[in-house]
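Numbers here are sequence positions counted from 1. No hydrogens, no waters, no symmetry mates; every other heavy atom, side chains included, goes into these values. Numbering of ligands and ligand atoms starts at 1, following listing order.
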Amino acid sequence: MDVKQAIQTRRSVKVYDPEYRMSEDEIRMLMEHAILSPTAFNIQHWRFVHVRDPALRAEIRNASWGQPQVTDASLLLVVCMDLKAWDKNPQRYSRNAPPHIQDHMVTGIRQYYTNNEQAQRDEGMRSASLAAMSIMLLAREMGYDSCPMDGFDFDVVARLIRLPQDHAICMMIAIGKKMQEPRPRGGQLDLDEVFFTDHF
Ligand SMILES: Cc1cc2nc3c(=O)[nH]c(=O)nc-3n(C[C@H](O)[C@H](O)[C@H](O)COP(=O)(O)O)c2cc1C
C-alpha cells in the first residue's frame, strides 16, 4: 500500500474485534516510525501511553461516554505532550550535531519558548498531532484501522494515566482489526472552499 492509498482508505473505525491482538513487534514498529515525524527544533514533545490494563481501559471508556473502541481496539494510545520539553536538557535534540550547532539550536529554543505558554502548548499539539497522523497511516499500511478521539473527559483520563503536571493530552487513538465498516464519509468540502492561492 502506498501513502496515497493509506490516506484514501483511512477512516475512523469504531467497531473492532476485541479478541484480536497486535504483536509486540508490530506495536514497536508502529511507534518507532511515529517518532520519525517532524517537530519544531526536533524537540519531540510527544509522549505516548499505551493502555494495556483492561481495567484501566474500562475506566477510560467510562470517561469516554462509553465509546466501544476504547476497550475493544487492540491498541489504545493516549497521545500526550511534555509542555516543558523545550526546557529539559535541550542539547539532546541536536545531539548528533557539532557543538556550535547545538548551541545555536538551544539559543533559538530558549528565545522562542521562554515565558510563552501558548507557543509551548501549540507546538506540543502540532507535534503530537503529526505523530498521530503518522501512526494512523502506518496502521493502515499494516492492515489495521484506527480512530482518533477527543470525545473523553481530559481531566479524568489525565488522572487515570497519572499524567505529569507539566504534560497535556492531545488525543487518544484506538487501533485494531475492523469488525464493522464506518458510515460513508460525511462529505468533504469543495476544495475551492478550503484551498486558496496567495490570499484568502
Ligand atoms: C481530533 C479528533 C477527535 C475525534 N474524536 C472522535 C471521538 O471521540 N469518537 C469518534 O468516534 N470519532 C472521533 N473522531 C473521528 C471523526 O469523527 C472523523 O475523523 C470524521 O468524522 C471524519 O471521518 P473519517 O476520519 O472516517 O474520514 C475524531 C477525529 C479527530 C481528528
Side-chain angles (χ1 to χ4, degrees), residues 1-18 20 22 30-31 33-35 37-40 44-52 54 56-83 118 120-161 163 167-195:
M1 180 179 289
D2 61 24
V3 176
K4 188 164 57 170
Q5 288 169 321
I7 291 171
Q8 287 167 347
T9 60
R10 184 216 55 80
R11 296 295 319 284
S12 293
V13 166
K14 297 159 209 272
V15 184
Y16 292 90
D17 179 352
Y20 189 87
M22 288 171 70
L30 192 59
M31 300 315 295
H33 285 80
I35 63 170
S37 304
T39 53
Q44 304 161 68
H45 318 67
W46 47 57
R47 304 290 181 265
F48 306 94
V49 179
H50 170 198
V51 185
R52 313 181 70 136
L56 184 55
R57 289 257 208 134
E59 286 190 271
I60 294 178
R61 179 171 168 168
N62 278 340
S64 310
W65 298 284
Q67 296 193 70
Q69 64 269 32
V70 173
T71 49
D72 296 351
S74 307
L75 181 60
L76 182 73
L77 296 172
V78 188
V79 181
C80 308
M81 61 197 122
D82 182 346
L83 298 167
Q118 175 160 357
Q120 294 169 19
R121 192 175 176 89
D122 286 353
E123 293 286 25
M125 284 287 181
R126 276 190 274 272
S127 303
S129 299
L130 287 164
M133 195 70 216
S134 298
I135 289 169
M136 293 189 285
L137 292 181
L138 181 55
R140 196 74 275 287
E141 189 198 272
M142 294 164 72
Y144 296 117
D145 282 283
S146 62
C147 188
M149 297 181 59
D150 65 7
F152 57 90
D153 185 321
F154 278 63
D155 292 336
V156 173
V157 173
R159 180 175 51 73
L160 289 169
I161 63 168
L163 187 78
H167 288 43
I169 296 176
C170 173
M171 69 176 87
M172 297 199 292
I173 312 176
I175 298 162
K177 271 287 174 208
K178 171 175 66 181
M179 286 249 289
Q180 192 178 303
E181 291 297 328
R183 288 198 215 107
R185 284 187 189 277
Q188 308 317 114
L189 298 177
D190 288 339
L191 194 54
D192 289 349
E193 192 178 334
V194 297
F195 181 49

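- Ranking the protein heavy atoms by distance from atom 7 (C) of ligand 1 puts Gln67 OE1, 3.6 Å first.
- The shortest separation from a heavy atom of Met172 to ligand 1 is not under 4.0 Å, leaving the residue out of contact.
- Considering only non-hydrogen protein atoms, atom 5 (N) of ligand 1 sits nearest to Asp150 N, 3.0 Å.
- We find the CG-NZ distance between Asp145 and Lys14 to be 12.0 Å, quoted to the nearest 0.5 Å.
- With rounding to the nearest 0.5 Å, the separation of CG in Leu163 from CZ in Arg47 is 11.5 Å.
- Under the 3.5 Å distance criterion, with hydrogens and angles disregarded, a donor-acceptor pair is assigned to the side chains of Tyr20 and Tyr144.
- Taking a cut-off of under 4.0 Å to the non-hydrogen atoms of Arg185, the atoms of ligand 1 that pass are 27 (O).
- For the residues Arg11, Lys14, Met149, the heavy atom positioned nearest atom 17 (O) of ligand 1 is part of Lys14.
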Carefully, step by step, assess Thr9 and Arg140 under the rule side-chain hydrogen bond (donor to acceptor under 3.5 Å, both in side chains). CA-CA 8 Å; Thr9 60; Arg140 196 74 275 287; 2.8 Å; yes
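- The distance from ligand 1 to the heavy atoms of Gln69 drops below 4.0 Å at these ligand atoms: 9 (N), 10 (C), 11 (O).
- If you take CG on Leu137 and CE on Met1, they are separated by 10.0 Å, rounding to the nearest 0.5 Å.
- For atom 22 (C) of ligand 1, the nearest protein heavy atom lies 4.0 Å or farther away.
- Separating the CD1 atom in Ile161 from the CD1 atom in Ile60 is a distance of 7.0 Å, to the nearest 0.5 Å.
- The OG atom of Ser146 sits 10.5 Å away from atom NZ of Lys178, with the distance rounded to the nearest 0.5 Å.
- Closest to atom 25 (O) of ligand 1 among all protein heavy atoms lies Ser12 OG, 2.6 Å.
- Proximity of Cys147 to ligand 1 is established by a heavy-atom distance of less than 4.0 Å.
- If you take CZ on Phe152 and CD1 on Ile169, they are separated by 5.0 Å, rounding to the nearest 0.5 Å.
- Here's the thing with Gly151: one of its N/O atoms is less than 3.5 angstrom from an N/O atom of ligand 1.
- A side-chain contact (heavy atoms from CB on, under 4.5 Å) with Asp72 is found for one member of Arg61, Arg57, Met179 and no other, namely Arg61.
- The proximity of Met171 to ligand 1, defined as any non-hydrogen pair under 4.0 Å, does not occur for either the backbone or the side chain.
- If you look at Ser64 next to ligand 1, there are no close heavy atoms at all, none under 4.0 Å.
- Between Pro148 and ligand 1, an N or O atom pair is found at a separation short of 3.5 Å.
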